[in-house]
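Shown next, in structure tokens, is the structure this report addresses.
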Amino acid sequence: MSTVTQHNHPDTPENAAGTADVIALERAEIRSWKAPVAFAIFTVIGILLFIVIGRDGISTFRLSTGSDVIQLPTIPFPARATGVVIVILLAAITAWSFTLSRAAKATPLWAIAVFGFLFVVGFLVWASAGSTLPVAGLLIGTLGISVPLIFGALGGVISERVGVVNVAIEGQLLAGAFVSAVVASITQMPLLGLLAAMVAGMLVSFVLAAFSIRYLVDQVIVGVVLNVLVTGLTGFLFSQVLSANPTLLNSPPRLERINIPVLSEIPVLGPVLFRQTIIVYVMYFTIAAVYIGLFHTRWGLRLRSVGEHPQAADTVGINVTGTRFWNVSLAGAIAGFGGAYLTLGAVGAFNKEMTAGAGFIALAAVIFGRWDPIRATLAALLFGFATNLQNVLSIIGSPVPSEFMLMLPYIVTIVAVAGLVGRVRGPAAAGKPYIKS
Amino acid sequence: MSDQLPVRGQAADEALLATKERPPADEPRSSAFLRDLIGGSAAISVFAVLLALVVGGVLIAITNEDVQEAAGYFFSRPADTFRAIWDAVSGAYVALFQGSVYNFRRPGFADGIRPLTETLNFATPLIAAGLGVALAFRVGLFNIGGRGQMLIAAACAGWVGFSLELPYGIHLIVAVIAGILGGAIWGGVVGVLKARTGAHEVIVTIMLNFVALYLVSYFLRTPVLQNPSSNNPQSPPISDTAVFPDLLGAGYNLHAGFIFVIAATIFVWYLLERSSTGFQFRAVGANPNAARVAGINVKRVYVYAMLFSGGLVGLAGTAQVLGTITTGFGSGIDAGIGFDAITVALLGRSRPWGVFFAGILFGAFKAGGFSMQAAEGIPIDIVLVVQSLIVLFIAAPPLVRSIFRLPTPGATRTPRASKKAATS
């Protein structure tokens, strides 16, 4: 959000409240300096990092993996020269953004994207100076880390859009991971495990829905408590039952990677996007389905109306309680499915508290993505990228202490939430129980 | 009370009850008191704990190997199964009680009561952090950042504790203040960001948890916090001058941090219930827009609330390094208390004294859970299950009432509820 007029500034409660009074007035011009100031800060960081303490040497980007049909040549970047070029470009975008803000115009989203991309490239070149950076590997790992986050975020978006705050994503992921591992291990059928994971996530959602809709308990409370409950339950059963007989109960077969015939041979993108397990392909479908469903179908319209103004929805004959209940259950099924990736798609065996806070990151992605499935997906990818960047850089030897690399995604999120997203306004009725009078 | 009546009579009884329960203006005080006692929140809490323990018992029973074995020949000798269930469940809960309240196996009162002091010891950081989370709840903020605030506070208090040389008393006070300030600043950042940019506090606190974890981990392997005589990422031990003195002598772990926590509870009670700042806090928590219209500076309230909240959570981190683990701390010093504090605050319904007793209850579960794990081999995770179920049941009084057929206090019965009660 940079420059916006008061007429379309839905994110600020004051303005939303004040619009009624000023609506007859002329367009009030608000000059927002958030984007240019954020750009300027990052440009300064860029100058310090890439030039002042710049590193000599050549950074080689390896784009292809060993098994590609079309082998791309590696791209060498002289670290210091690339840094200078990138800083100049960053400075140019910053200056342009300042002139836009001066003229009370918004900095377009693509400019922010280009700026971010350039900064990341500059950072990668700087950090990997003198060694080879496996770009494809970096992106494959990113997607891998992001899959549960994306499923969790999609579940969060649906649940919050229908008016039930879903803090229980962590619990749904963990339940999905646990049950899928056990079921797939006993039956030796990973697909059955996936189905069981959905059921497990749904069961967690049932409790969330029952307590928040039927018993009108504060939804955040139920969510937090459900996380603790699922953590305790899976931890207890893991220590008590699974550890006693790991070969029968906790050694699920992993899902096979499926190469999509032609698409998987596209350079860079092919190995990243189209040599994945079925869970990832389902994820592509789910993202599209949730987006289209939410904004272009009757189901989505009803869902959103229940989340925004349940009384109005009730007045036109929508069953508020039922809509909430079944959509929260659907959200749980989606999140539970994502949990299965942790076991069947990645590691194999279940481990105690193996989600390690992924559900909370997914929750942050929901808010960061402003309750929009596409943006939430992008936010989840950002977390995945930053986490995996640390993994890759620690292998090739990074000049930054690994703790600071690990910190980076979280700091970027804080900066982005404070600087770019600003006041976010969720669905109006989220968190409020609907009592039919 | 209507259990003995036939179903038809019960329905009539319910109807009678429903008319009776519409409280007339001149209802005698004692009967209102009695009804509150049976159906009110105290009874709900007791029944919720009971219900949670029953569910925990079922879990313990069905995962117990002796029970599974006995259940294999259930139809030939059912008594064996019940005996195995009784052995498993009673063994677990006796161990839980003996680890948290009073151990009858030890000779003499002084030894027997030691588990209770352990409970209070575990409760100390839980209460402090629970108060912090509860205070934020009352202002309408959700502070999930307990972990980060505790880590920063522990690092600050610990650094003062092992690197400065000050006389007895003063050193402790300085270290405690450093810890509380560390937590307050880490929490205050959230308040400032929320007030100035509108950043959602849930995101910022979650993110700051990780930032604090990595920051403290980094300092723990640099000379700032690392013990020079060790290669592990661990700090040097705290100087004797900065350690909380033992309250009951050397034989018990209970330390003076508990006194600080009692003081903090009184402080929060005064702040929220008696001061004008607290009134502003509660007004913003009830409705920020109305509070703004009434002339309250909502943004400033957010900043102050997060400062206080972070400071209280910081006290928990301080109690950990200066009282519980004084031999040097690592990055796991928070021990999950930052998240436990959320359930403590919920169980205490965000009231200062409620949090105090909820903290003691959860402290008892923690102390007893360890002895249960040691004595009966039952994973301590069962404690998490029981704790969360307690909060869940307490949060939903209608559920507990319908399970135990308690009367609804105050309100008249809705037709649906009485119909359900009549048919069941």
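Here is the naming used below: chain letters follow the sequence lines, and residue numbers restart at 1 for every chain.
B:L399 touches chain A through backbone and side chain together, each having a heavy atom under 4.5 Å away. Looking at A:V241, only its side chain comes within 4.5 Å of chain B, counting heavy atoms on both sides. Contacts of B:I382 with chain A are made by both backbone and side-chain atoms, with heavy-atom separations under 4.5 Å. Proximity to chain B (any heavy atom under 4.5 Å) is shown, for A:F238, by neither the backbone nor the side chain. For A:L216, no part lies near chain B; criterion is any non-hydrogen pair under 4.5 Å. Contacts of B:S217 with chain A are made by both backbone and side-chain atoms, with heavy-atom separations under 4.5 Å.
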CA sep, side-chain torsions, deciding dist, call: B:V211, A:E403, side chain to side chain contact (heavy atoms under 4.5 Å, CB included): CA-CA 9 Å; B:V211 174; A:E403 286 89 355; over 6 Å; no
Step-by-step side chain to side chain contact (heavy atoms under 4.5 Å, CB included) determination, A:N227 to B:F339: CA-CA 10 Å; A:N227 289 338; B:F339 285 100; over 6 Å; no
Chi angles and distances behind the side chain to side chain contact (heavy atoms under 4.5 Å, CB included) call for B:L392, A:V207: CA-CA 10 Å; B:L392 210 53; A:V207 182; 4.2 Å; yes
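The candidate with the highest count of non-hydrogen atom pairs below 4.5 Å against chain B, out of A:G232, A:G357, A:A365, is A:G232.
When all heavy atoms of B:L215 and A:M407 are compared, the pair lying nearest together is N-CE, 3.4 Å. Nearest approach of A:S239 to B:D381, heavy atoms of both residues: OG-OD1, 3.9 Å. Of all non-hydrogen atoms in B:G377 and A:Q240, the two that sit nearest each other are O-OE1, 3.7 Å. Scanning both residues, A:L233 and B:V385, for their nearest heavy atoms gives N-CG2, 3.4 Å.
Applying the side chain to side chain contact (heavy atoms under 4.5 Å, CB included) test between A:F236 and each of B:I380, B:V383, B:L384, B:T63 identifies B:T63 as the sole match.
Shown here is B:E69, whose CD atom has no more than 12 heavy atoms of other residues, nucleotides or ligands within 6.0 Å.
Atom CD in B:E201 sits 8.5 Å away from atom CD1 in A:I367 (nearest 0.5 Å). If you take CZ on B:R401 and OH on A:Y215, they are separated by 11.5 Å, rounding to the nearest 0.5 Å.
Side-chain contact between A:F360 and B:F210 is absent, with no heavy-atom pair separated by less than 4.5 Å.
Taking the six-membered ring where the residue is Trp, A:Y410 and B:Y214 present parallel rings, their angle staying beneath 30° rather than reaching 60°.
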